[in-house]
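Each remark here refers to the structure printed beneath this line.
Just so it is clear, the values below take in all heavy atoms, side chains as well, and ignore hydrogens, waters and symmetry mates. Starting from 1, each residue takes its place in the sequence as its number.
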Amino acid sequence: MPEGMTFRPNAELMQDEEVLTLVRLFAHLGFVKYRLTGGEPTVRANIVDLVREIAHTKGVRSLSMTTNGITLPKLAGPLAHAGLQRVNISIDTLNPDKFKRLTRRGSVEDVWHGIWAAEEAGLHPIKLNAVVVRGYNQSDVIDLARLTFEHGWQVRFIEMMPFAGATDFQIMQSVTEQEIVNQIEAELGSMELVNGGYLDGEARLYKLHNALGDVGFISSVTEPFCASCSRARLTADGRLRLCLLREGEVDLLTPLRSGATQSELRDVVINALWNKPWGHGLAEGIIPMNRTMSEIGG
């Protein structure tokens, strides 16, 4: 995010009961897997209570969270007790100086404390996400991948995706899955595909010889998995985004606040889902410009 980011008024964003109303609607429609993303979801007031309500909603089978990990020493236990099952923790580098430059004021040590807290709370399997940027943290993938020798974690490398903002930089500095595979194998030895190459969610998994954990790749740009995508994103301001890399969205919060019935909201959602794109348009140079990544979630 820009240093001087201006945040929207809280009243323009979904309130807890509105989130729960839409979760119940999606669960009724057959959605079974949910992930809370950000910004940073753990700074939301009443996050533990919200997790508890979502986890106990009929039809919800899986509930996970993507977080920077900073507040997990305090919240991992309560969140797990409330029904959270797993966490994805963002950590682009293990180098303290690089990490501080990236986050402007963060400490990689704080993230480590969060990882240990998540492990102690039983939020397994822990997944560590790193967006790889050429010239910045490409050399750090070795240390991150090496973590899988001693820990049963899934270390996942994500290709940088172009969004509104510095799109030229995002395109030019992206590092492909094959480049990272070659880099890791040259340093740490060969990797074998896990599950015959079938994706675990959105990640293609490999395992280093004698490693406890897995190395994963989320390669939305060079190896898109659009054909198997059944995901939708509900943004903080209540819009259903049907593809991360397309601009199309459907407003659910306005009709909800205008008194729409569950049946009417259901029709809006179903009509939207019928128009879910078959894939993104990056290969044709179509880049989503209506939101930055921090405004969408993950």
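The local environment of NE2 in His81 is sparse, with at most 12 non-hydrogen atoms from other residues, nucleotides or ligands closer than 6.0 Å. With a 6.0 Å radius and a threshold of 12 heavy atoms from other residues, nucleotides or ligands, Gln15 has its CD atom above the threshold. Annotation for Arg52: atom CZ counts as buried by contact number, over 12 foreign heavy atoms lying within 6.0 Å. Arg257 CZ: more than 12 foreign heavy atoms inside a 6.0 Å radius.
With rounding to the nearest 0.5 angstrom, the CG atom of Leu128 is 8.5 Å from the CG atom of Leu94. Note that the CD atom of Glu177 and the CZ atom of Arg204 stand 4.5 Å from one another [nearest 0.5 Å]. Atom CG of Leu36 sits about 9.0 Å away from atom CZ of Arg44, to the nearest 0.5 Å. Here the CG-CG distance, from Asp97 to Leu102, works out to 12.5 Å after rounding to the nearest 0.5 Å.
Residue pairs meeting the ring-ring contact (aromatic ring centres under 6.0 Å, His included) criterion with at least one member in residues 192-211, sequence neighbours excluded, are Tyr206-Phe217.
No hydrogens or angles considered: a donor-acceptor pair under 3.5 Å links the side chains of Thr67 and Glu40. The closest side-chain donor-acceptor pair between Asp200 and Gln154 falls under 3.5 angstrom. Looking at Thr176 and Glu179, their side chains do bring a donor and an acceptor atom within 3.5 Å of each other. Checked by atom type, the side-chain pair Ser62/Arg86 shows a donor-acceptor distance below 3.5 Å. In this structure, a donor-acceptor pair under 3.5 Å is present between the side chains of Thr71 and Thr42. For the residue pair Asp237/Thr235, the side-chain donor-acceptor check at 3.5 Å is satisfied.
For the pair Glu187 (side chain) and Ile184 (backbone), a donor-acceptor distance under 3.5 Å is absent. Although no hydrogens or angles enter the test, the distance criterion places no donor-acceptor pair under 3.5 Å between the side chain of Glu12 and the main chain of Pro9. The backbone N or O of Ser190 lies less than 3.5 Å from no partner atom in the side chain of Glu192, so there is not a single donor-acceptor pair. Asp214 places no side-chain N or O within donor-acceptor distance of the main-chain N or O of Gly216, the cut-off being under 3.5 Å. Of the possible polar contacts, one joining the Lys98 side chain to the Tyr136 backbone as a donor-acceptor pair under 3.5 Å is found. Side-chain N or O atoms of Glu249 include none that pairs as donor or acceptor with a backbone N or O of Leu240 at under 3.5 Å. A donor-acceptor distance shorter than 3.5 angstrom exists from the side chain of Asn68 to the backbone of Ile70, with no hydrogens or angles considered. Side-chain atoms of His124 come within 3.5 Å of backbone N or O of Glu119 as a donor-acceptor pair. Under a 3.5 Å cut-off, the side chain of Gln183 and the backbone N or O of Val141 do not form any donor-acceptor pair. Not a single donor-acceptor pair under 3.5 Å links the side chain of Thr254 to the backbone N or O of Asp251.
Electrostatic pairing of Glu53 and Arg24 does not count as a salt bridge here, judged by no charged N lying under 4.0 Å from a carboxylate O.
Note: Phe31 and Phe26 have perpendicular aromatic rings, judged against thresholds of 30 and 60 degrees for the angle between ring planes.
In this structure, Ala80 and Ala121 approach most closely via the heavy-atom pair CB-O, 3.6 Å. Shortest non-hydrogen contact noted between Leu188 and Ala145 is CD1-CB, 4.0 Å. Taking each heavy atom of Ala27 and Thr57 in turn, the nearest pair found is CB-CG2, 4.3 Å. The minimum heavy-atom distance linking Asp16 with Ala45 is given by the pair OD2-O, 4.1 Å.
By the 4.5 Å heavy-atom criterion applied to side chains, Ile89 and Leu72 are counted as neighbours.
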